[in-house]
Amino acid sequence: MPELPEVEHLCRHLRSSIQDATITEVHLRRPGIVNPGEKRSRASSRDLLLDGTICNLERKGKQLAIEVEDGRILCIHLGMSGRVQVIKRNESVDLEPHTHCTWLLHGAPEAREIRFVDPRRFGGLWTLCSREKLLSTRWDQLGPDALIVNPDILARRLSGRSRGLKSALLDQGVVAGLGNIYVDETLFRAGLNPRQPAGTLKPDEIQCLVTEMVGILQEAIRMGGSTIRTWLDSSGKKGDFASTHRVYGRSGCLCVSCGQLLKDKIIAQRQTVWCSKCQPLRRRRR
DNA sequence: CGGTACGCCTGAAGGC
DNA sequence: TGCCTTCAGGCGTACC
């Protein structure tokens, strides 16, 4: 499922394939995916960047922003099963089921079309009239991006919090970009228990947490993301990162580090896998 | 504050 | 083989 590395991978691909292109046609097949949650009148094709020349592609957390020259922005969230397909100029690709929106391009070096596909529809498209609006209505509510967060900032955001690390790191308002896979993998590699109260970490543990988090994310980006079940990148390739998972998806298996049986439990409403020996819970004294 | 539960949604996977 | 059930989870919201 798309988390930060998958969206970053997509963002980089789009920068090289559609930046400076102009959107000449938009086909919205399922209007309900635009601005979900808002009961305002339905978005027009122009809101979906018709007649715009793409000048900037940006990511924060799991969200992607496509900006055109007059300042309009389309923000894409892939949710659980969302994908953006890039169709090359000389390619003919059948429309997949659940293709909710299609943009035709002019002036891209290779691409002629991009498509938003999202079977489970946990994702969505948001239309914004300006960058300021993107920030004020969406991105300012996110914590710092997990790829560039530094230990001091994260320490401040976790200090005084009693909630468990699993819950805190999943919260996009604390740090943006991690989902279930990368939280479990990060905690394992940092040797931290998912239920450890977030505010009890010592400076060296925060440092370790950040180092492992950034390291895992960068590694996953290099490998094209994690393919669990359905994730494919914008050219239809599977990611390779899943093969390196040490805890996620390995409940019932043995710890790769100490050989003990991994524990699994629902924590923070997510299936959580960890090693109780390598990730001991540090009880507060007295 | 934080936790718990629910609803949204489809397809993969497992059981019989 | 095929039907049925279960499970996966990002995120908003309600409630305790």
Side-chain angles (χ1 to χ4, degrees), chain A residues 1-8 10 29-40 59-64 75-84 95-101 115-126 137-143 145-146 156-187 193-201 217 220 225-232 236 238-239 241-242 245 247-252 264-273 281 284:
Chain A
M1 47 232 67
E3 298 180 26
L4 184 152
E6 291 77 14
V7 181
E8 177 65 21
L10 167 65
R29 294 181 183 75
R30 187 180 278 275
I33 57 144
V34 181
N35 301 327
E38 294 173 27
K39 45 177 73 166
R40 309 276 291 152
R59 178 195 61 76
K60 183 168 183 183
K62 305 173 190 175
Q63 303 182 33
L64 177 73
C75 180
I76 301 180
H77 192 300
L78 299 175
M80 277 292 299
S81 59
R83 281 190 298 135
V84 173
L95 210 61
E96 283 189 28
H98 313 293
T99 300
H100 305 313
C101 193
R115 298 172 183 175
F116 176 65
V117 186
D118 184 15
R120 268 172 265 186
R121 275 185 266 151
F122 279 27
L125 307 175
W126 284 262
T137 64
R138 300 192 59 79
W139 285 13
D140 284 351
Q141 287 137 43
L142 298 175
D145 188 80
R156 210 166 307 139
R157 302 185 78 84
L158 297 180
S159 79
R161 314 299 289 273
S162 60
R163 68 199 297 199
L165 283 172
K166 171 92 180 191
S167 156
L169 296 179
L170 277 175
D171 185 341
Q172 303 299 298
V174 172
V175 57
L178 304 179
N180 202 29
I181 299 173
Y182 294 102
V183 169
D184 277 12
E185 291 301 312
T186 296
L187 290 176
N193 190 281
R195 290 198 223 259
Q196 187 70 44
T200 63
L201 294 198
L217 293 172
S226 302
T227 294
I228 303 293
R229 295 166 183 232
T230 55
W231 169 256
L232 298 172
K238 293 185 174 190
F241 188 66
H245 291 169
V247 282
Y248 181 86
R250 296 192 68 245
S251 69
D264 67 283
K265 210 158 219 172
I266 304 289
I267 299 176
Q269 278 70 250
R270 297 288 179 279
Q271 187 63 239
T272 301
V273 186
L281 182 59
R284 205 155 55 98

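Here is how names work: the chains are called A, B, and so on, in the same order as the sequence lines, proteins then strands, and each is numbered from 1. Just so you know, these numbers come straight off a predicted model, no measurement behind them.
As judged by a 4.0 angstrom heavy-atom cut-off over every strand, A:G123 is placed among residues making no nucleic acid contact. Base engagement by A:Q269 is indicated by at least one non-hydrogen atom pair under 4.0 Å involving a base atom.
In this structure, the CG atom of A:N180 is 14 Å from the C1' atom of C:dC11, given to the nearest Å. Going from atom CD1 of A:I266 over to atom P of B:dT4 covers 12 Å, rounded to whole Å. Rounded to a whole Å, the CG atom of A:D171 is 12 Å from the C1' atom of B:dC1. Between A:L78 atom CG and C:dG9 atom P the separation is 17 Å, expressed in whole Å. Remark: P of C:dC7 and CE of A:M80 are 15 Å apart, rounded to the nearest angstrom. Between the CG atom of A:L170 and the P atom of C:dG9 there is a distance of 10 Å, rounded to whole Å. The CD atom of A:Q141 sits 15 Å away from the C1' atom of C:dG10 (whole-angstrom rounding). Rounded to a whole Å, the CG atom of A:L142 is 8 Å from the P atom of C:dC11.
Looking at A:R83 and A:E96, a side-chain N of the basic residue comes within less than 4.0 Å of a carboxylate O on the acidic one, giving a salt bridge.
Residues that satisfy the side-chain hydrogen bond (donor to acceptor under 3.5 Å, both in side chains) test with A:Q63, not counting sequence neighbours, are A:R138, A:W139. Every residue two or more places apart in sequence or in another chain that forms a side-chain hydrogen bond (donor to acceptor under 3.5 Å, both in side chains) with A:E8 is listed here: A:R12, A:R59. Taking the side-chain contact (heavy atoms from CB on, under 4.5 Å) definition, one finds that A:A168 meets it with A:L158, A:R163, A:A198, sequence neighbours left out. For the side-chain hydrogen bond (donor to acceptor under 3.5 Å, both in side chains) test, no residue two or more places apart in sequence or in another chain qualifies with A:R30. Applying the side-chain contact (heavy atoms from CB on, under 4.5 Å) test to A:S251 and every residue at least two apart in sequence or in another chain returns A:D264, A:V273. With sequence neighbours left out, A:D118 forms a salt bridge (charged side-chain N to carboxylate O under 4.0 Å, His left out) with no residue at all. With sequence neighbours left out, A:S162 forms a side-chain contact (heavy atoms from CB on, under 4.5 Å) with no residue at all. Under the side-chain contact (heavy atoms from CB on, under 4.5 Å) criterion, A:R250 pairs with A:C253, A:V256, A:L262, not counting sequence neighbours. Under the side-chain hydrogen bond (donor to acceptor under 3.5 Å, both in side chains) criterion, A:K62 pairs with no residue, sequence neighbours left out.
Under 3.5 Å, the side chains of A:K166 and A:N193 contain no donor-acceptor pair of N or O atoms.
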Pull out every protein N or O sitting under 3.5 Å from an N or O of nucleotides 7-10 of chain B, one pair per line with the distance.
from, atom 1, to, atom 2, distance (Å)
B:dC9, O4', A:R120, O, 3.4
B:dC9, O3', A:R121, NH2, 3.2
B:dT10, OP1, A:R121, NH2, 2.4
B:dT10, O3', A:H98, NE2, 3.4

Heteroatom pairs (N/O) under 3.5 angstrom, protein to nucleotides 13-16 of chain C:
none

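Taking the side chain of A:R163 as heavy atoms from C-beta on, and the options C:dG10, B:dT4, B:dG3, the nearest nucleotide is B:dG3. Of the candidates C:dG10, B:dG2, C:dA8, the closest approach to any side-chain atom of A:S162 belongs to B:dG2. Ranking C:dG9, C:dC11, B:dG2 by closeness to the A:Y248 side chain, first place goes to C:dG9.
The CD1 atom of A:I181 sits 4.5 Å away from the OH atom of A:Y248 when rounded to the nearest 0.5 Å.
Between the two ends of the helix from B:dG2-C:dC16 to B:dC16-C:dG2, each summarised by a five-pair axis, the helix axis turns through 50° (rounded to 10 degrees).
Look at A:S167 and you'll find a side-chain N or O under 4.0 angstrom from OP1 or OP2 of B:dG3.
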